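No hydrogens, no waters, no symmetry mates; every other heavy atom, side chains included, goes into these values. Please read these numbers as outputs of a predicted model, since none were measured by experiment.
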Amino acid sequence: MFSTASLDSASSSSSSSVVPTWLPYLFTRPQLECLRVVELRVACAERGLKKSGTKVVLQNRLMEWVTEQHQQQLDENNRRKQQQQKTLVDPALDYHRKMKQQRRNNKNTNKNNNITQLQQQDLEDDEDSYDKTFTLHPTGLYLEALSRNFYTKTAKFSNLQVQQMYQNAKHADQNGDKQMARQILYQLHEATPGDGRVIRRLSRLAMELNEHDEARRLLQLGTRLTPNNGYLWHGLAQLELQLTGNIHKAREYYQRAIRVDPTSSPNPYHAWARLEQSQGNIRVAAALLKKGLRYHPNNNNSRLWHLLGSLYRDAGMYVEATHAFEKVMQTTNTNKKNNWSKAFCYTEQAYVAYEMGHIDLARQYMQQGIQMNPRHSQGWLSLAQLEESCRSENGSNNNIARARLVYQTAADTYERSRNIYHKQSNNSNSTTTSTAQPRIPTKPGDKWLALYLNWAKMEESYSNNSPKNYYSLADKVYSRAANVFPTEWRVFLNWAMYQAKRRQLDKAKITFKKACLKSGRHTIEPYRIYGEYAMEIEDYDVARMIFFSGAKTVSSNHRDGNIKGLAATLHSWAICELKLQNLDRASELLERALSLSDDSEEKSQFLSTKATVECMRQNYRLAKHCVTLAIYGASNNASPRFVSSLWNQWATIAEKMDDDGLAQYCREQAELVKEKSELLTSPTPVLAANRIIKESLGKAPWYNKILRDRFKRDFL
């Protein structure tokens with residue numbers, strides 16, 4: 001059985017036997033403080049020190065040892081310098097000084113010399129002037145030492161070599177050779193530890209290889225070495241959002257990036273503004289963009305104008321939005337290197353034209369953007385969604401055929417660029433891949449996955465999805481996406497969910513397992529959805545094993561236990577234990593989930609489940625306390641249906657406590673909340689594909705229209 005204690009032990013036992021590879025032999029105080037007690041003891045053993053004592057004692061013992069080592073090195077360096085100075089003294093100059101001292105001694109001992117006082121004074125004056133102005137020719141030993149010091153390299157690589165190595169690492173990364181890129185970048189990092197470009201690229205490669213702790217360590221080390229590098233603080237903020245979703249921490253890092261370096265790059269302003277836009281803080285986002293434009297009035301500000309135009313469009317200020325997009329076009333015309341951004345600008349202008357009712361003009365804008373940049377995935381996706389939205393208005397299937405043609409053309413264009421060629425087989429409509437040339441790996445920041453997933457979602461809604469149709473159009477799209485992106489767990493997860501919806505249980509289980517294997521230790525979401533599917537078919541023992549496997553696998557890659565999605569997985573696991581009547585285990589899992597979650601609505605769901613557990617234990621006071629906390633946390637952001645269910649749950653608890661007045665009041669509040677809600681939200685969970693699409697096109701004007709039409713076809 002798995003408990004919270006075993007979850008912590010699983011994450012600690014995997015790396016407790018050795019010292020981390022990044023720890024040097026002579027370490028610093030910040031590096032030492034990152035080690036745990038077991039690692040401190042191993043470090044003491046490697047250096048011949050005692051291993052007993054508490055963590056503070058071990059740290060002090062190691063710091064005394066490293067201080068002594070540094071002092072020994074300093075003494076050795078001073079001794080070598082003194083020896084070199086003695087070796088480099090010119091023998092002729094040394095001989096002259098010795099003779100001068102000998103003559104002065106003879107003057108004091110031999111007073112009956114034949115040299116007059118005047119001659120002696122002249123001789124001493126000549127000797128003094130000789131000592132001050134005479135220049136002797138250097139000896140061979142002296143010249144050899146100078147030559148050796150002159151030709152000795154003070155840096156491991158020259159500036160030209162550093163540039164060449166960075167370009168080689170960049171090309172290796174683009175060609176898919178991640179290990180070679182990391183090897184070169186680690187050499188550069190050792191030679192130039194303060195280079196932010198090297199640290200950011202190393203951190204990104206570590207993220208792609210699911211080494212989250214290494215990615216965080218690199219960025220934190222970079223910020224300690226160069227605290228005024230805003231580029232590194234920006235990367236640390238992006239890492240927090242990607243790993244933990246900690247918005248408060250990300251805001252802190254963005255603010256630090258802008259404060260230490262407000263003029264070097266507009267990227268922190270743009271990223272922070274996008275974060276505030278996603279949270280609904282439009283005024284804050286606009287203020288950040290305008291501040292960025294003040295610091296960057298002329299160069300590299302096209303991204304700021306672009307996002308500001310999007311904010312104006314969302315607010316219905318189409319004149320201001322058009323002006324902002326014209327600024328983007330002017331910037332790209334003056335700087336030919338940013339010519340690729342014109343395609344994004346055309347897409348935004350198409351959004352404005354669509355909002356103003358000019359559908360043909362919007363289609364024309366998007367076609368211009370695609371012609372300028374055929375690899376512009378957002379432009380292809382926007383054009384396909386535009387055709388699908390036109391079908392939603394007039395009910396014609398011709399627009400679905402046009403949208404399907406856009407998707408097909410876009411996929412063919414992308415696959416040809418990566419040397420992935422499809423041809424029809426003789427027996428079926430499935431596709432096979434030609435292997436005439438090796439395929440080109442995906443480049444960093446590739447957004448084409450959203451296009452394939454949205455294409456599959458459209459086919460799910462509009463094609464023949466009868467269970468009798470064993471291999472539907474949506475299956476073909478998912479199969480094609482799995483061939484193009486064989487390592488993307490999102491493809492297999494959404495494919496499995498589609499198969500589960502069609503009641504293809506055996507195929508769904510196989511595909512769910514593939515999604516979990518593809519995700520590795522990167523995310524826990526496939527395990528959570530797979531476990532919830534097992535609970536849906538009432539296979540609770542299998543669901544428990546899935547939740548346990550997911551929590552153990554993902555926790556082994558994180559020391560602090562702060563894993564994105566772990567709290568929701570523990571909540572689903574607690575519901576599974578509740579179905580199996582394991583109340584103690586369910587309560588334990590809910591306590592752990594509450595300690596990990598920072599979202600108020602999510603905590604309200606956990607507290608509601610906790611109240612159910614306490615009701616089954618007949619601990620009604622604690623159940624009442626939990627449900628009141630849930631209502632308080634869900635009063636602002638949660639859906640009205642969920643808030644209404646919380647009031648009904650409180651009413652049920654009040655009835656069991658024989659408090660009829662409170663029960664009646666809670667029922668009235670539940671009905672009041674239900675009456676105020678104009679449109680009940682969908683009870684189904686948000687699919688992973690919908691979330692990816694929203695990241696790419698969440699602000700498109702036809703997005704909500706398409707989702708409403710798909711929802712009607714799926715559930716009505």
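You'll find the side chain of Glu602 stays beyond 4.5 Å of the side chain of Leu594, heavy atoms only. Between Leu219 and Arg200 there is a side-chain heavy-atom pair separated by less than 4.5 Å. A 4.5 Å side-chain heavy-atom check between Lys513 and Tyr530 finds at least one atom pair inside the cut-off. By the 4.5 Å heavy-atom criterion applied to side chains, Glu525 and Trp489 are counted as neighbours. Two residues are said to be in side-chain contact when any heavy atoms from C-beta on lie closer than 4.5 Å; Leu570 and Leu590 fail this criterion. Residues Leu202 and Glu214 are not in side-chain contact: their nearest non-hydrogen atoms beyond the backbone lie 4.5 Å or more apart. Counting heavy atoms from C-beta on, the side chains of Cys626 and Leu629 never come closer than 4.5 Å. Counting heavy atoms from C-beta on, the side chains of Gln277 and Asp314 come closer than 4.5 Å.
Using a 4.0 Å cut-off between charged side-chain N and carboxylate O, Arg621 and Glu614 make no salt bridge.
Under the 3.5 Å distance criterion, the side-chain polar atoms of Ser604 are matched with a main-chain donor or acceptor of Ala630. Looking at Ser278, its side chain does come within 3.5 Å of a backbone N or O of Leu275 through a donor-acceptor pair. No side-chain donor-acceptor contact under 3.5 Å links Ser549 to the backbone of Ile546. Looking at Ser595, its side chain does come within 3.5 Å of a backbone N or O of Arg592 through a donor-acceptor pair. When atom types are taken as modelled, the side chain of Asn246 and the backbone of Lys249 share a donor-acceptor pair closer than 3.5 angstrom. In this structure, Asp539 contributes its side chain and Met535 its backbone to no donor-acceptor pair below 3.5 Å. A donor-acceptor pair is defined here as one N or O able to donate and one able to accept, closer than 3.5 Å; no such pair exists between the side chain of Thr523 and the backbone of Ser519. Side-chain N or O atoms of Ser572 include none that pairs as donor or acceptor with a backbone N or O of Arg528 at under 3.5 Å. The backbone N or O of Phe642 lies less than 3.5 Å from a partner atom in the side chain of Ser645, making a donor-acceptor pair.
Scanning both residues, Ala456 and Ala474, for their nearest heavy atoms gives O-CB, 4.0 Å. Here the closest heavy-atom approach between residue Phe606 and residue Ala567 is recorded as CZ-O, 3.6 Å. Shortest non-hydrogen contact noted between Leu453 and Val491 is CD2-CA, 4.3 Å. In plain terms, the two heavy atoms of Ala515 and Leu493 that are nearest each other are CB-N, 3.7 Å. Closest approach of Ala551 to Leu566, counting heavy atoms only: CB-CD1, 4.4 Å. The two residues His571 and Ala593 have their closest heavy-atom pair at N-CB, 4.4 Å.
No donor-acceptor contact under 3.5 angstrom links the side chains of Lys518 and Thr487, judged on distance only. Under 3.5 Å, the side chains of Thr223 and Tyr253 contain no donor-acceptor pair of N or O atoms. Between the side chains of Glu460 and Tyr478, at least one donor N or O sits under 3.5 Å from an acceptor N or O. Between the side chains of Gln649 and Ser608, a donor-acceptor pair is found at a separation under 3.5 Å. In this structure, a donor-acceptor pair under 3.5 Å is present between the side chains of Ser472 and Asp475.
Rounding to the nearest 0.5 angstrom, the gap separating the CD atom in Glu488 from the CH2 atom in Trp448 is 15.5 Å. Taken from CG in Asp541 to CG in Leu580, the straight-line distance is 6.0 Å, to the nearest 0.5 Å. Rounding to the nearest 0.5 Å places NZ of Lys603 at 10.0 Å from CG of Leu596. With values rounded to the nearest 0.5 angstrom, Lys457 atom NZ is found 6.5 Å from Asn494 atom CG. Distance check: Gln378 CD to Gln385 CD gives 9.5 Å after rounding to the nearest 0.5 Å. Distance OG1/Thr569 to CG/Leu589: 11.0 Å, rounded to 0.5 Å.
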Exercise for the section: Begin with the C-alpha distance, continue with both residues' side-chain angles, and end with the deciding distance and a verdict on salt bridge (charged side-chain N to carboxylate O under 4.0 Å, His left out) for Glu276 and Arg283. Expected result: CA-CA 9 Å; Glu276 298 299 341; Arg283 187 184 298 274; over 6 Å; no
Problem - Phe512/Ile529 under side-chain contact (heavy atoms from CB on, under 4.5 Å): CA gap, chis, key distance, verdict - result: CA-CA 9 Å; Phe512 269 125; Ile529 297 179; 4.0 Å; yes
Problem - Pair Lys610-Glu591, salt bridge (charged side-chain N to carboxylate O under 4.0 Å, His left out): steps then yes or no - result: CA-CA 9 Å; Lys610 178 72 172 176; Glu591 292 291 342; 3.2 Å; yes
Practice task
Check step by step if side chain to side chain donor-acceptor pair (under 3.5 Å) holds for Tyr351 and Ser310.
Solution key: CA-CA 9 Å; Tyr351 292 167; Ser310 300; over 6 Å; no
Exercise for the section: Please test Arg274 against His270 for side-chain contact (heavy atoms from CB on, under 4.5 Å), starting from the C-alpha separation and ending with a verdict. Expected result: CA-CA 6 Å; Arg274 287 198 63 180; His270 180 267; 3.4 Å; yes
Practice task
Let me see the working for Tyr527 and Phe547 under ring-ring contact (aromatic ring centres under 6.0 Å, His included), right down to the final yes or no.
Solution key: CA-CA 6 Å; Tyr527 293 94; Phe547 290 132; 9.6 Å; no
Practice task
Apply side-chain contact (heavy atoms from CB on, under 4.5 Å) to Gln255 and Trp233, showing your working.
Solution key: CA-CA 9 Å; Gln255 186 178 7; Trp233 290 108; over 6 Å; no
Exercise for the section: Take Arg641 and Val673 through the side-chain contact (heavy atoms from CB on, under 4.5 Å) test and state the conclusion after the steps. Expected result: CA-CA 8 Å; Arg641 174 174 293 182; Val673 171; over 6 Å; no
Exercise for the section: Quick one: do Glu208 and Arg204 satisfy salt bridge (charged side-chain N to carboxylate O under 4.0 Å, His left out)? Show the steps, please. Expected result: CA-CA 6 Å; Glu208 292 179 0; Arg204 182 182 57 77; 2.6 Å; yes
Practice task
Would you sort out whether Tyr407 and Asn454 count as a side chain to side chain donor-acceptor pair (under 3.5 Å), showing the intermediate values?
Solution key: CA-CA 9 Å; Tyr407 282 125; Asn454 195 80; 2.3 Å; yes
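Residues passing the ring-ring contact (aromatic ring centres under 6.0 Å, His included) test with Phe492, sequence neighbours excluded: none. Listed by chain and number, the residues in a ring-ring contact (aromatic ring centres under 6.0 Å, His included) with Tyr452 are Phe485 (sequence neighbours excluded).
Among residue pairs with one or both ends in residues 649-663, those qualifying as salt bridge (charged side-chain N to carboxylate O under 4.0 Å, His left out) are Glu655-Arg667; sequence neighbours excluded.
Using bins of under 30°, 30° to 60° and over 60° for the plane-to-plane angle, the ring pair Tyr665/Trp647 lands in the perpendicular bin.
For the side chain to side chain contact (heavy atoms under 4.5 Å, CB included) with Tyr620, the lone residue among Lys624, Gln618, Arg617 that qualifies is Gln618.
Residue-environment remark: CD (Gln279) exceeds the threshold of 12 foreign heavy atoms within 6.0 Å.
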